[in-house]
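Letters A, B, ... mirror the listed sequences (proteins, then strands); counts begin at 1.
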Amino acid sequence: MKLLEIKNLHAKIGDKPILRGINLCINAGEVHAIMGPNGSGKSTLCQVLGGREGFEVTEGSVTYDGKNLLELSTEERATAGLLLGFQHPVEIPGVKNIYLLKEALNAQRAARGLDEIDTFAFMKQVRELTKTMGMDDAFLHRGVNAGFSGGEKKRNEILQMLLLQPKLALLDETDSGLDIDALKVVSEGINMLRGADRGIVLVTHYQRLLSYVEPDFVHILYKGKIIKSGDKSLALQLEAEGYQDILEAAS
Amino acid sequence: MTEQHITEQQEIEHLMQREYKYGFTTDIEQDIIPPGLNEDVIRLISAKKNEPEFLLEWRLKAYRHWLTMTPPTWAHVHYPPIDYQALSYYAAPKTADELAEIEASKPQSLDEVDPKLLETYEKLGIPLHERAVLAGVVQPSNVAVDAVFDSVSVTTTFKAKLAEAGVIFCSFSEAVHNHPDLIKKYLGTVVPAGDNYYAALNSAVFSDGSFVFVPKGVRCPMELSTYFRINAKNTGQFERTLIVAEEGAHVSYLEGCTAPQRDENQLHAAVVELVALDDATIKYSTVQNWYPGDEEGKGGIYNFVTKRGDARGARSKITWTQVEAGSAITWKYPSCILRGDDSVGEFYSVAVSNNYQQVDSGTKMIHLGKRTRSTIVSKSISAGHSQNAYRGLVHIAKSADDARNYTQCDALLIGDRNGAHTFPYIEAKNSTAQIEHEATTSKISDDQIFYLQSRGISEENATNMIVNGFCKEVFNELPMEFAVEAQALLAVSLEGSVG
């Protein structure tokens, strides 16, 4: 089953074209990794798929779960099961983490015609997840990402993902800034989401994450285009040889 | 806690859907003194209210002083000069004359209350049980309401229960008749008749208001609350409130305002005086929602208010909590005179401004006694083309050994066409004073909104979450029944300010 189909996607910011014809198809049950050097358009792709304002799609289409994704608002994409994990999760002091979690979960439930979740069931679920992510319960009552270390912010992203159980998780450099212990915890979290009816897209610079979360497909993004796709061995090749050779070979 | 916030969020969502809902006028015949102000008008007001001689003299003295004064110009607000001769200084529902003549003729049951008035309370969203009480139907509750419809208290509730505890809670006019000694003893002792331009005007022409007296050692058994409304065209509203807590007494007073929509500007110049004797505590909470004017800045209430508490006794405590959401112009500085040794003053404020609203608000903490402590937490939220200023004075007198103050001023900006300003004044005449001042200015960023949206939360709810988070410290100080209303108010006030 096709979960996400990107066809010839072009996008620009201001006058500057960044995505120049991306084609990508993600089926349920698959894990894809998108790799590429700095400035290749990885984060822009995530932002465009997430519905961020300021990017103009000039050509192409994106179909998500049978819907025209580009016509949906950011919150509609979210409640339709698309989750964007941020490279730099923003700090929102004053808004408690637990409050965000509950609001977000209830938004998902409302979109499915469900009642708000029972508080006890919710707390139980959240406590289990904080444990899974190796986080102290105290963090639930702190402001969203406020004063969090880089690692805590990423754990928080994964915790949200596990709570919301998205159909498609789009994780933008979730591994950046993580020490090895945190990387393991985050990877385990991602693996927990893996399933026959879900898709995961890992956007990353490094092979490191991929040895914990093994991708079914690896794509190399360069100058706004996917120039090469392969299986997990492509990531290993990249790690061994660097971008230069592959880029040269592809161009 | 969390659960509570989440139900409040729903409440907000519900309220987001509507426009300023109190924009209506009740069609009741008004008994209005013709516009204009002179000594005869003051004599007429006093006579209509059948006041004792000392009060008339007090009014006239205030008026004569007012004539020598000019309106203050230092506030960061702009408006055309007010023609005080074009205003009416007294309006009361038709039954007012009878009420003044015979106290007992006040409406005691639903049948005696003008049905249109009841309708008004319904539109205002006054809780059902309070409405029932207003209508004279006795029901158990913990909130007493002294409803002010224009200038005259229509009915006062829970008197029996309060009387049992020895608490006096009545309209100011009633207090003038029934407790003249207390009025004589305390009126003008905190805000003198000639204190400032608007206070002097109020002292000369005040129509009615509330009076609270909590005797020695009594803890008031319920929250006291008053709803104020402006309802008559071209009618200045001059409320006067006096609250006295004797030694060891304890009282919490809630004040909430809504006003009907008007094209022409209206003046509201209230005076509130609080007196706390030894070990007494007074908590005064306000949710202010006067009509703010339309999106172009047309109309709206001028809210020029003098509120001051005198922590007269040792170990007394006065807390002001305010949520200021309405009015075209707000000029308001609820203050504490910390006279008693070890007395405590607190000021918690949320001031939100949108469209063309102008706010110049803050507090004065005057430390006179030894070891006096004050806390100021001010949160301003500016949206649209509004201007929002915090103005605060912390004064440590020579006599105030070991006084402490902590001030926190946070400003939140929504959009880029508005202004947040901070004017802190610190005067320390005693070297043992410890004064802390913290200030922050932040903006709701697109990144924050996008982050919350990407979690399935709508833009407006995302804004409300951030705004409510920003104000939490202050909302936590509000009595429960006000906290929900306050959050709802903020949502309504900031409607359409994002995007």
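- Among A/Ala80, A/Ser73, A/Gly94, A/Pro89, the residue making the largest number of heavy-atom pairs under 4.5 Å with chain B is A/Gly94.
- Counted by atom type alone, A/Glu5 and A/Thr63 present zero donor-acceptor pairs between their side chains at under 3.5 Å.
- In this structure, chain B has heavy atoms under 4.5 Å from both the backbone and the side chain of A/Ile92.
- Note: B/Ile457 leads B/Ile466, B/Leu452, B/Ile457 in heavy-atom pairs under 4.5 Å with chain A.
- Of the charged side-chain nitrogens involved, none lies within less than 4.0 Å of a carboxylate oxygen, so that A/Glu56 and A/Lys16 do not count as a salt-bridged pair.
- For a residue to count as touching a neighbouring chain, one of its non-hydrogen atoms must lie under 4.5 Å from one of that chain's; by this rule A/Gln160 touches chain B with the side chain only.
- With a threshold of 4.5 angstrom between heavy atoms, A/Arg77 does not approach chain B through any atom at all.
- Each of A/Thr79, A/Leu140, A/Val95, A/Leu101 has some count of heavy-atom pairs under 4.5 Å with chain B, and the biggest count is that of A/Val95.
- With 3.5 Å as the limit, one finds a donor-acceptor pair spanning the side chains of B/Gln288 and B/Ser327.
- Judged by distance alone, the side chains of B/Ser285 and B/Thr321 never bring a donor and an acceptor atom under 3.5 Å apart.
- Between the side chains of B/Gln387 and B/His421, at least one donor N or O lies within less than 3.5 Å of an accepting N or O.
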